[in-house]
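Below, each value reflects all heavy atoms present in this structure, side chains not excepted, and no hydrogens, waters or symmetry copies. The structure presented is a predicted model; accordingly, all values stated were derived computationally and were not measured. Lettering of chains follows the sequences in order, A, B, ..., and the numbering in each one begins at 1.
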2 protein chains.
Amino acid sequence: MLISTRGRYALRVLLDIASKEGDDFSSLKLIAQRQGISLKYLESIISQLQAAGIVYSHRGKNGGYKLTKSTDEILLIDVLLAAEGSLRPVQCPALDNRDCGNDNCPTKDLWVQLNNTIVNFFGDKTLSDLLKSDKINLECYAK
Amino acid sequence: MLISTRGRYALRVLLDIASKEGDDFSSLKLIAQRQGISLKYLESIISQLQAAGIVYSHRGKNGGYKLTKSTDEILLIDVLLAAEGSLRPVQCPALDNRDCGNDNCPTKDLWVQLNNTIVNFFGDKTLSDLLKSDKINLECYAK
DNA sequence: AAAATTCCTATTAAGTAAATAGGAATTTGA
DNA sequence: TCAAATTCCTATTTACTTAATAGGAATTTT
């Protein structure tokens, strides 16, 4: 599975924050309740989003999280890389610009191209693209 | 990881068989030795390739495996689906034409498009595409 | 009949993903 | 000032999947 729950949940958290539009910070507790995801798990995920500069936080009462940029400036590739750590689709040293010792490997190019395809797929999409549909239901029913 | 060792090893086995060109069956024992992969593990992988109609076998002494088709007729998508079982990049019911209950999910289209992108990537490539380079070293040095 | 192979079923080992747990630090508002 | 609400930090546990191993049965050739 290329994208695990961390990546999926990260998108849902950000979409949840984005949908709130106000001046207030969105508290994770409420997000967790709305999304039906454990607060503690979300904490560990959003801390990575914060480290990546996608959200910022405010502690204490009335604290929570906000997006650092508008939704059309937040690239999905950045969200997913932050949440997943890596999106490499296959274990091949070439994807990390490392050398496997076989310069004439018949599958190296294939894996590099696949990796590029995936990075490009998420590289030209933003959070706002996910919000464009006129009817949206942020609640996810699938586990 | 979208593609695990099963998928990678499946390709290597098939490329190994393809490179032998003779009338003889390729025995897994020799393939395993050449590729540095456990015989028992390869047995379980190639049995899936056989079930998918990609190779056929002959038992007993001088037995082994052959490709059922020429390399330009063997699609990588079929090899990988056979070896991996599934290539879905994310757990979303829509990828299996199932219903998650949320018709207005903001990420459903994204995942469907990603899935299509991956299927299309492997759907127009064949084993012979991997063998086109003039210099090829079938041995893989990476774990 | 022996050797070499595929075939079948089950089990184990290792690694990763998913979540849980407990409490410290910070901030706000009463 | 203090209690409540929040983020923050570190560690642990649980569940699941991948990867591999094991043993031997069935088949075919020489």
Visitor: A side-chain contact here means heavy atoms from C-beta on lying under 4.5 Å apart; do B/W111 and A/R8 qualify?
Guide: yes
Visitor: Tell me: CD1 of B/I17 to C1' of C/dT6, nearest whole Å?
Guide: 13 Å
Visitor: Verify the distance criterion only: is there a donor paired with an acceptor across the side chains of B/N102 and A/E139 at less than 3.5 Å?
Guide: no
Visitor: Could you check B/L81, B/V79, B/L80 and say which one makes a side chain to side chain contact (heavy atoms under 4.5 Å, CB included) with B/F122?
Guide: B/L80
Visitor: Can you find a pair of side-chain heavy atoms, one from A/D24 and one from A/N62, that are under 4.5 Å apart?
Guide: no
Visitor: Could you check if a side-chain atom of A/F121 sits within less than 4.5 angstrom of a side-chain atom of B/L110, using non-hydrogen atoms only?
Guide: yes
Visitor: Considering every strand and a 4.0 Å limit on heavy-atom distances, what is the contact class for A/Y65: base, sugar-phosphate, or nothing?
Guide: sugar-phosphate
Visitor: Find the distance A/Y56:OH to D/dT6:P and express it as a whole number of Å.
Guide: 17 Å
Visitor: Which part of the nucleic acid, if any, lies within reach of A/L28 when heavy atoms closer than 4.0 Å are counted: base, sugar-phosphate only, or nothing?
Guide: sugar-phosphate
Visitor: Roughly how many Å is it from CZ in B/R8 to C1' in D/dT18, rounded to a whole number?
Guide: 12 Å
Visitor: Output a table of nitrogen or oxygen pairs between the protein and nucleotides 26-30 of chain C separated by less than 3.5 Å.
Guide:
residue : atom : partner : partner atom : Å
C/dT26  : O5'  : A/R59   : NH2          : 3.4
C/dT26  : O4'  : A/R59   : NE           : 3.4
C/dT26  : O4'  : A/R59   : NH2          : 3.1
C/dT27  : O3'  : A/H58   : NE2          : 3.1
C/dT27  : O2   : A/K61   : N            : 3.2
C/dT28  : OP1  : A/H58   : NE2          : 3.1
C/dT28  : O3'  : A/N62   : ND2          : 3.3
C/dG29  : OP1  : A/N62   : ND2          : 3.1

Visitor: Below 3.5 Å is the cut-off: list the nitrogen or oxygen pairs between protein and nucleotides 20-23 of chain C, distance only.
Guide:
residue : atom : partner : partner atom : Å
C/dT20  : OP2  : A/S38   : OG           : 3.4
C/dG22  : N7   : A/K40   : NZ           : 3.3
C/dG22  : O6   : A/K40   : NZ           : 2.4
C/dG23  : O6   : A/K40   : NZ           : 2.9

Visitor: Please report the distance, rounded to the nearest Å, between CZ in B/F25 and C1' in D/dT27.
Guide: 13 Å
Visitor: For B/Y9 and D/dT18, what is the distance between atoms OH and P respectively, to the nearest whole Å?
Guide: 14 Å
Visitor: Round to a whole Å and report the spacing from CG of A/L2 to P of D/dT17.
Guide: 17 Å
Visitor: Quick one: CG on B/L2 to CG on A/L114, what's the gap to the nearest 0.5 Å?
Guide: 6.5 Å
Visitor: Which is it for A/T107 and B/R12 under the side-chain hydrogen bond (donor to acceptor under 3.5 Å, both in side chains) test, yes or no, and what are the steps along the way?
Guide: CA-CA 9 Å; A/T107 54; B/R12 285 167 62 186; over 6 Å; no
Visitor: Using heavy-atom distances to pick each residue's nearest nucleotide on DNA chain C, tell me which of A/E84 and B/S47 is more 5'.
Guide: B/S47
Visitor: Quick check: closest heavy atoms across A/R34 and A/D16, and the distance to 0.1 Å?
Guide: NH2-OD1, 2.6 Å
Visitor: Starting at CD of B/Q91 and ending at P of D/dC16, how long is that distance when rounded to a whole Å?
Guide: 12 Å
Visitor: Take the protein atom CD of A/Q33 and the nucleotide atom C1' of D/dA5, then report the distance between them rounded to whole Å.
Guide: 13 Å
Visitor: When you compare the side chain of A/N137 with that of B/C105, does any pair of heavy atoms fall below 4.5 Å?
Guide: no
Visitor: Would one find a side-chain N or O of B/S57 under 4.0 angstrom from OP1 or OP2 of C/dT5?
Guide: no
